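Structure first, then comments.
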Amino acid sequence: MKTNELINAIAADAKAPSIPISTTVLFAAGIGILATGLLFWTMLPVRGDMSAAMGDWHFLMKWAFSLSLLLTGIAMAISLARPQWAPSSKLLLLLIGPAILGIGVVAEMISLPAADWMPTMIGTAPIACLVYVPLLSGLPLALMIVALRRGAPARPAAAGAVAGVIAVGIAATFYATHCQNDSPLFLAAWYLIATAIVAGIGAILGARLLRW
């Protein structure tokens with residue numbers, strides 16, 4: 001290719017319309033929700049007392065926690081996908097989920113005798129939570145990494161970790177409809193561990209795949 005032709009090709013490429021990174025991230029999250037929902041319904045049943053659970057604040061606390069991870073994670077991912085990102089007060093967004101959970105934990109500890117704290121925290125089948133939440137997070141995590149590759153993250157590992165938080169937000173929202181353990185004490189132990197696992201995997205993937 002001649003020099004002039006190369007210059008013209010580069011100029012034409014620069015003028016080509018590009019999809020905003022916010023749209024890409026939101027689209028990936030939407031596809032992740034659909035894919036995770038389909039996977040969940042092929043793997044696990046919805047709990048039999050779902051109608052009653054919807055009226056219990058303990059169950060609603062699970063959704064408040066998981067959806068706050070999803071929404072704040074999306075907001076952070078859109079910011080982190082840009083090369084000019086710098087640490088700011090936006091990082092406080094990621095504390096919304098833990099803050100909601102913390103309020104629930106305090107309320108639960110006030111309402112329960114101290115002797116019941118540990119058994120309630122351990123709950124039933126905690127290992128299932130550590131297996132299924134990361135497993136259900138796999139597809140949305142992959143989709144978010146692909147979406148973030150369309151941007152130019154200044155901090156690839158941080159962007160990958162936030163992708164993991166989004167994935168857990170999606171996975172935990174679905175898994176909550178199967179899990180019989182509704183206590184915030186259980187969430188504070190096992191859901192947070194699952195979140196840390198997936199966020200850690202996301203950080204490793206981000207450091208490797210989101211460099212530019």
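Remember, it's a predicted structure, so these values are computed and weren't measured experimentally.
The distance from the CZ atom of R47 to the CD atom of Q180 is 4.5 Å, given to the nearest 0.5 Å. Taking CD1 of I31 as the start and CG of L139 as the end, the distance is 11.5 Å to the nearest 0.5 Å. Taking CH2 of W63 as the reference point, atom OG of S68 lies at 14.0 Å (rounded to 0.5 Å). Remark: I100 CD1 to L95 CG distance equals 11.5 Å, nearest 0.5 Å. Note: I33 CD1 to L70 CG = 5.5 Å, rounded to the nearest 0.5 Å. Taken to the nearest 0.5 Å, the SG atom of C129 stands 10.0 Å off from the NE2 atom of H178.
Contact record, A29 with I170: O-CD1, 3.9 Å, taken as the closest heavy-atom pair. Contact detail for P184 and M61: the closest heavy-atom pair is CG-CG, 4.2 Å. Here the closest heavy-atom approach between residue V198 and residue A167 is recorded as CG1-CB, 4.4 Å. The two atoms that bring L210 and G160 nearest to each other are CD1-N, 3.9 Å, heavy atoms only. A163 and M144 make their closest contact through CB-CB, 3.7 Å (heavy atoms, listed as atom of the first residue, atom of the second, distance). Of all the heavy atoms in G151 and P153, the pair that sits closest is C-CD, 3.6 Å.
Note: the hydrophobic cluster containing I166 does not contain L34 (ILVMFWY, side chain heavy atoms under 4.5 Å, direct or indirect links). No continuous path of hydrophobic side-chain contacts links I204 to V165 [ILVMFWY only; heavy atoms under 4.5 Å]. Put simply, I193 and I127 are part of the same group of oily side chains (I, L, V, M, F, W, Y) that touch within less than 4.5 Å, one to the next. Cluster membership for L71 and F27, using ILVMFWY side-chain heavy atoms within less than 4.5 angstrom, is not shared. Under the 4.5 Å side-chain contact rule for hydrophobic residues, I201 and L143 do not share a cluster.
With respect to K62 and D56, no salt bridge is recorded, no charged nitrogen being found less than 4.0 Å from a carboxylate O.
Formation of a donor-acceptor pair under 3.5 Å by the W190 side chain with backbone atoms of L130 is not found in this model. Side chain of S111 to main chain of E108: a donor-acceptor pair is present (N/O by atom type, distance under 3.5 Å, no hydrogens or angles). Side-chain atoms of T23 do not come within 3.5 Å of backbone N or O of I19 as any donor-acceptor pair. Listed for the R211 side chain is a donor-acceptor partner under 3.5 Å among the backbone atoms of A207. Remark: side-chain polar atoms of R155 are not paired, donor with acceptor, to backbone N or O of L80 under 3.5 angstrom. In this structure, H58 contributes its side chain and D182 its backbone to no donor-acceptor pair below 3.5 Å. In terms of modelled atom types and a separation under 3.5 Å, the side chain of R150 and the main chain of T24 share no donor-acceptor contact.
Aromatic ring pairs are classed by plane angle as parallel below 30°, tilted from 30° to 60° and perpendicular above 60°; the pair Y175 and Y132 is parallel.
When side chains are defined from C-beta on, L205 counts as touching L141, because their heavy atoms get closer than 4.5 Å. Side-chain contact check for L135 versus M43: some heavy-atom pair is nearer than 4.5 Å. Between V105 and L187 there is no side-chain heavy-atom pair separated by less than 4.5 Å. Annotation: side chain of L69 is not in contact with side chain of L94 (no heavy-atom distance under 4.5 Å). The closest side-chain heavy-atom distance from T177 to F40 is below 4.5 Å.
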Does the pair I122 and W117 meet the rule for a side chain to side chain contact (heavy atoms under 4.5 Å, CB included), with working shown? CA-CA 9 Å; I122 295 174; W117 292 354; over 6 Å; no
Between L39 and F174, does the side chain to side chain contact (heavy atoms under 4.5 Å, CB included) criterion hold? Intermediate values first, please. CA-CA 10 Å; L39 179 61; F174 284 105; over 6 Å; no
